Amino acid sequence: MLSRRSVLATAAAGAAVSATAAAAASFGNPDEPPQGAINAKNPASVTDPGPQDPAISNQLQSAFSPPATDVGSMRQIWSSFNTSPRRIQDGGWAREVTQRSFPISTTIAGVNMRLTAGGIRELHWHQAAEWAYMTYGNCRVTVLDPSGRPYVADVKEGDLWYFPAGYPHSLQGLGPDGCEFVICFDNGAASEFNTLLVTDWLAHTPPAVLGKNFGVPEETFANIPLHNLWIFQGKLPGDLEAVRKAMTGNAALPPEPFTFSLASAPYVTNTKAGSLQVADSNSFKVSTTVAGALATIKPGGMREMHWHPNADEWQYYIKGKARMGVFNTGPNVLTMDFNPGDIGYVPRNFGHYVENIGDTDLQFFAVFRTPQYQEVSLSDWLAHSPPQMVAEHLNVDPAMVPHWPGSDVFIMPG
Ligand code: MN
Ligand code: MN
């Protein structure tokens with residue numbers, strides 16, 4: 001068996017022999033021609049005389065000065081709500097990042113919405129399923145299933161809701177200061193600005209038809225709004241139980257809740273390096289098209305190198321500073337930095353890792369358009385391959401291979 005010392009000695013001898021043939025390709029800088037700031041002998045090679053916007057480039061240092069291991073021309077994996085225009089109404093606002101502005105994001109469209117205390121996102125439905133994560137405050141949700149079973153619940157920071165496609169629903173901010181949340185549609189082309197609205201339909205139906213439909217005189221609807229409401233300021237709703245009673249009548253209740261607490265879901269891992277929590281259709285039964293995961297990573301920690309065999313990953317960065325590297329065939333490798341409000345996207349089976357590069361906790365959630373969360377760990381795979389074979393691939397000591405982190409690690413400490 002080769003000792004680590006003899007492996008290193010052999011590698012050093014090999015490097016000396018080929019030093020003239022491949023002057024620059026090296027550990028950490030493999031490409032010909034070499035790239036990255038470490039190649040720059042002339043200091044002017046890395047300066048940017050401008051024009052430039054330091055407020056942006058300082059936030060995205062991996063774009064300004066990529067690692068020398070980056071290569072190729074992968075589609076952009078970074079986007080942000082911070083650069084999306086807000087549509088502001090009395091009662092709240094929303095902004096969105098869809099496939100239109102973020103082409104790689106084919107499976108998920110993201111919406112960031114704020115509702116004031118009493119602010120209402122009007123009664124509506126749409127073609128895509130809606131999964132949402134509460135980032136702030138308190139919100140009341142209502143929904144009706146196709147068997148006519150109504151549901152109402154109040155949600156808070158860390159909670160989820162899921163409405164299957166076509167299920168009609170409403171959202172309303174509660175006290176003391178309304179709410180903010182992120183919606184993920186299970187279709188990258190879906191838009192929050194193009195939903196089926198109850199006010200649009202009524203205003204565009206002949207009054208006589210409205211009267212006949214509801215079994216009342218058509219004058220009942222003489223004062224309906226002629227333009228849609230979308231988001232509007234309402235009154236603070238009453239006590240949840242009283243509202244449930246008033247809206248349920250004789251109807252049955254749905255068998256499974258449309259809301260779930262991701263923040264209090266069981267831990268997949270919880271160590272001093274960080275934690276991971278998952279909610280998919282195993283635990284959040286109604287969420288049949290979207291699986292969600294909440295990752296908290298301590299300073300210096302890293303979500304290990306892995307990939308997802310069954311779905312693309314759409315990420316929303318809640319707090320802290322992250323650096324993600326994404327790998328595909330080609331090779332193509334792109335490293336980008338992420339700050340609160342930013343969005344990341346990793347196509348199915350593309351390898352990736354996420355590092356906490358700040359000095360506070362990093363937290364993000366990830367959604368996958370699949371009923372079941374799945375991942376493959378690079379380290380676990382290699383640790384459970386023939387050690388001698390792995391050693392022959394990587395010129396490492398075969399004795400160490402079985403000790404590499406296994407399937408239960410997820411997050412490595414700094
Ligand atoms: Mn909706
Ligand atoms: Mn991942």
Side-chain angles (χ1 to χ4, degrees), residues 77 92 94 96 98 107-113 115 120-133 139-144 155 160-172 181-187 190-198 200 228-231 258 268-269 274 276-278 280 290-295 297 302-317 322-328 338 343-355 362 364-370 373-380 409-412:
I77 59 171
E96 66 181 13
T98 73
T107 63
I108 300 286
V111 177
N112 177 206
M113 187 180 292
L115 295 173
I120 296 172
R121 171 64 174 90
E122 82 156 275
L123 292 155
H124 72 283
W125 69 103
H126 34 69
Q127 301 290 349
E130 171 175 329
W131 180 102
Y133 180 90
C139 186
R140 178 164 297 173
V141 305
T142 73
V143 60
L144 182 76
V155 288
L160 309 179
W161 66 77
Y162 180 89
F163 303 142
Y167 285 36
H169 53 276
S170 73
L171 311 168
Q172 184 169 25
F181 48 86
V182 172
I183 289 171
C184 296
F185 292 123
D186 66 351
N187 179 338
S191 170
E192 177 64 17
F193 304 149
N194 185 22
T195 60
L196 293 102
L197 302 172
V198 69
D200 268 344
N228 73 63
L229 297 173
W230 186 56
I231 288 174
F258 289 93
V268 175
T269 182
L276 187 69
Q277 292 158 283
V278 169
D280 65 11
V290 177
L294 180 66
I297 301 172
M302 185 178 83
R303 185 72 176 86
E304 64 168 340
M305 299 166 82
H306 69 280
W307 64 93
H308 306 278
N310 64 345
D312 296 1
E313 173 170 347
W314 185 99
Q315 304 162 334
Y316 175 78
Y317 286 86
R323 177 163 295 160
M324 177 165 71
V326 177
F327 162 72
N328 188 26
F338 297 84
I343 296 167
Y345 198 88
V346 185
R348 178 192 301 209
N349 288 320
F350 285 27
H352 56 286
Y353 61 87
V354 181
E355 277 184 287
L362 165 67
F364 66 97
F365 73 73
V367 301
F368 308 82
R369 193 174 68 183
T370 173
Y373 180 81
Q374 289 184 352
E375 73 172 75
V376 178
S377 152
L378 172 67
S379 169
D380 180 49
V409 172
F410 300 99
I411 301 168
M412 292 298 289

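The structure displayed is predicted, hence computed values, not measured ones. One-based numbering, in listed order, for ligands and for the atoms of each. Sequential numbering from 1 along the given sequence is applied to the chain's residues.
- Under the side-chain contact (heavy atoms from CB on, under 4.5 Å) test applied with D186, the options V367, T370, V290 reduce to a single match, V290.
- Side-chain contact between Y316 and F338: absent, with no pair of heavy atoms (C-beta onward) separated by less than 4.5 Å.
- Around atom CD of Q374, more than 12 heavy atoms belonging to other residues, nucleotides or ligands sit under 6.0 Å away.
- Looking at heavy atoms from C-beta onward, R121 lies in side-chain contact with W230 at the 4.5 angstrom threshold.
- Taking the six-membered ring where the residue is Trp, H126 and F185 present perpendicular rings, their angle passing 60° and hence far from 30°.
- With E130 as reference, W161 is the one residue of Y167, W161, Y162 to meet the side chain to side chain donor-acceptor pair (under 3.5 Å) rule.
- Between NE2 of H308 and NE2 of H306, the angle at the Mn ion (ligand 2) works out to 100°, rounded to 10 degrees.
- Closest approach of G344 to Y317, counting heavy atoms only: N-CE1, 4.2 Å.
- For the Mn ion (ligand 1), protein N, O or S atoms under 2.8 Å: 4 in total.
- Residue E375 does not count as close to the Mn ion (ligand 2), with no N, O or S atom under 2.8 Å.
- Of all the N, O or S atoms in E313, the one closest to the Mn ion (ligand 2) is OE1.
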